[in-house]
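What follows is a short report on a single structure.
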Amino acid sequence: MKKLCHSIFTALALAGLMAGASAEDYKPRMIRFGYGLAEDSNQGRAVKFFADDLARRTGGKLKAKGFGGASLGNDMQMQNALIGGAQEMMVGSTATLVGIVSEFGVFDLPFVFRNEREADAILDGPFGQKLADKLQEKGLVGLVYWENGFRNLTNSKRPVSRMEDMQGIKLRVMQNPVYIDMFKGFGANAIPLPFSELFTALETGTVDGQENPVTTIQSSKFYEVQKYLSMTKHVYSPWIVLASKRWWDGLSNDERKAIQEAAAASRDFERKDSRAASAKAIDFLKSKGMQITVVSDKEIERMQEASRQAMFKFANDGHAKLIKDLQGDLEKLRK
Ligand SMILES: O=C(O)C(=O)C[C@H](O)[C@H](O)CO
């Protein structure tokens with residue numbers, strides 16, 4: 001008797017739960033979620049986490065499918081697909097958004113963030129939100145920021161411990177004026193290229209080097225075509241999870257709420273996963289034969305000095321107040 005009551009009670013509870021999930025206004029939807037890195041990367045793992053979390057929240061109604069390796073196009077192509085409503089979601093670099101919202105270039109300025117804690121506070125705070133909100137009028141919805149990480153320099157020519165060692169190195173940079181100015185300021189020959197073309201460009205020698213976080217150097221197998229890694233940590237790079245505004249405006253409030261909650265959960269997962277992977281990556285890259293150079297604090301100071309030109313240019317391009325606001329928020333954090 002007791003057993004029968006228990007199973008009736010459980011069934012009722014389950015029905016209640018299902019009724020709960022189905023009470024919400026979720027329609028069966030397929031979400032194409034594009035990204036540029038490999039499936040086995042911090043980006044790919046977080047997209048899978050998001051998809052599983054969203055399915056759980058919506059009783060399997062909202063199904064997100066990850067498309068990695070730039071299979072839906074490079075970051076800029078995917079941004080345009082979202083704006084046109086031909087794709088629902090993506091994650092990509094804020095650096096490739098400067099053609100749409102130039103203010104995002106502030107996150108590309110060198111040596112701004114001292115650590116991940118500062119980056120999280122600024123990105124998840126009013127400053128990061130203010131920039132994300134500017135995407136709405138451009139047809140994009142900025143949901144959350146994930147961590148790409150602190151960028152370091154690799155090349156196939158020589159160890160780089162001083163700026164002078166960059167002389168004449170054909171260095172691939174993102175399609176972004178701050179990066180072009182910064183590396184020209186360091187003495188390198190900066191060549192902007194989409195990420196999706198980078199491995200081949202390194203393999204064929206079209207470029208000699210590139211700069212990315214150690215997690216990307218590992219997941220994109222750059223160690224197969226690059227011998228030297230210099231720990232410059234010259235920029236903290238965020239990723240941003242985006243949705244198509246055209247698609248977003250057609251969703252119910254419940255669906256938007258579920259996607260925002262899954263996005264927030266995926267952010268926390270991604271940062272934790274990314275930092276764990278980053279801590280292990282250097283030993284992995286060493287084991288793959290890469291020669292690691294730790295750049296001295298004195299040299300980092302010289303690089304900071306040399307990159308002021310890029311900062312001034314960005315300020316003169318109408319962003320002086322934006323830089324001041326960011327520096328103000330950082331000072332508050334450092335008190
Ligand atoms: O292009 C780079 O170097 C990047 O850091 C870009 C990102 O990783 C990009 O999102 C990959 O598509």
Side-chain angles (χ1 to χ4, degrees), residues 32-47 50 66-82 87 89-100 104-105 107-110 113 119 123 135 140 142-155 170-180 182-183 188 190-202 206-223 225-226 229 232-242 266-267 270-271 273-274 277-278 281:
R32 291 161 292 187
F33 195 136
Y35 59 100
L37 267 61
E39 194 171 333
D40 181 15
S41 68
N42 42 354
Q43 233 180 32
R45 291 188 294 274
V47 170
F50 171 84
F67 292 86
S71 51
L72 296 181
N74 62 45
D75 286 13
M76 289 182 179
Q77 290 163 336
M78 289 196 283
Q79 289 156 10
N80 292 328
L82 265 66
Q87 180 181 326
M89 295 184 69
M90 69 169 286
V91 60
S93 182
T94 55
T96 54
L97 277 171
V98 293
I100 297 174
F104 276 107
F107 293 143
D108 304 314
L109 296 173
F113 295 118
L123 291 168
L135 291 164
L140 295 168
L143 291 167
V144 291
Y145 293 97
W146 287 355
E147 175 161 288
N148 187 355
F150 281 100
R151 305 176 77 90
N152 300 295
L153 182 79
T154 68
N155 83 94
K170 292 180 291 179
L171 193 89
R172 177 269 174 179
V173 295
M174 285 188 276
Q175 301 146 296
N176 173 297
V178 174
Y179 278 87
I180 295 168
M182 176 195 336
F183 279 94
I191 299 170
L193 267 181
F195 185 82
S196 51
E197 298 169 22
L198 179 49
F199 189 91
T200 307
L202 292 167
T206 307
V207 295
D208 306 317
Q210 64 88 45
E211 41 82 54
N212 254 290
V214 288
T215 44
T216 298
I217 296 167
Q218 176 174 353
S219 67
S220 301
K221 299 186 177 5
F222 290 160
Y223 52 83
V225 287
Q226 297 277 271
L229 166 60
T232 49
K233 294 185 73 173
H234 49 275
V235 172
Y236 174 91
S237 244
W239 280 322
I240 186 166
V241 175
L242 299 170
S266 72
R267 172 200 57 215
E270 193 276 341
R271 288 175 179 168
D273 172 84
S274 198
S278 189

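In what follows, every heavy atom counts, from backbone to side chain, and hydrogens, waters and symmetry copies are set aside. Whatever order the structure lists ligands and atoms in, that order sets their numbers, starting from 1.
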Is it true that Asp208 and Arg172 have a side-chain N and a carboxylate O under 4.0 angstrom from each other? no
Heavy-atom closest pair (Leu72 atom, Gly34 atom, distance to 0.1 Å) is CD1-CA, 4.0 Å
Heavy-atom nearest neighbour in the protein, as seen from atom 6 (C) of ligand 1, with distance rounded to 0.1 Å: Ser93 CB, 3.9 Å
Least distance between heavy atoms, Arg267 atom then Val144 atom: NH1-CG1, 4.1 Å
Would you say Thr216 contacts ligand 1, with heavy atoms under 4.0 Å as the rule? no
Please answer whether the main-chain N or O of Tyr35 pairs with a side-chain N or O of Gln43 as donor and acceptor at a distance below 3.5 Å. no
Thinking salt bridges, do Glu211 and Arg151 make one under a 4.0 Å N-O criterion? yes
Any atoms of ligand 1 less than 4.0 Å from a non-hydrogen atom of Gly92? List them with their elements. 10 (O)
With distance as the sole test, does Asn152 use its side chain to make a donor-acceptor pair with the main-chain N or O of Pro213 at under 3.5 Å? no
State, to 0.1 Å, how close Gly36 and Met78 come at their nearest heavy-atom pair, and which atoms those are. N-CE, 4.3 Å
Going by the 4.0 angstrom heavy-atom rule, the piece of Arg172 near ligand 1 is side chain
What is the nearest protein non-hydrogen atom to atom 11 (C) of ligand 1, stated with its residue, atom name and distance? Leu37 CD1, 3.4 Å
Taking Asn74 for its side chain and Ala70 for its backbone only, find out whether a donor-acceptor pair lies under 3.5 Å. no
Atom 3 (O) of ligand 1: which of Gln175, Gln210, Arg151 has the nearest heavy atom? Arg151
Under a 4.0 Å heavy-atom limit, does Gln43 contact ligand 1 with its side chain, its backbone, both, or neither? side chain
Give a yes or no on whether the backbone of Gly68 and the side-chain of Ser71 come within a donor-acceptor separation of less than 3.5 Å. yes
What atoms of ligand 1 come within less than 4.0 Å of a heavy atom belonging to Phe195? 1 (O), 2 (C), 3 (O), 11 (C)
Quick one: does Ser237 get a heavy atom under 4.0 Å from ligand 1? no
Heavy-atom distances under 4.0 Å are what count here, so tell me which part of Leu198 touches ligand 1: side chain, backbone, both or neither. neither
If you measure from each non-hydrogen atom of Trp239 to ligand 1, which part falls under 4.0 Å: side chain, backbone, both or neither? side chain
Using a 3.5 Å cut-off on N or O atoms only, is Asp75 in polar contact with ligand 1? yes
To the nearest 0.1 Å, how far is atom 4 (C) of ligand 1 from its closest protein heavy atom, and which atom is that? Met174 SD, 3.6 Å
Between ligand 1 and Asn148, is the shortest N or O to N or O distance under 3.5 Å? yes
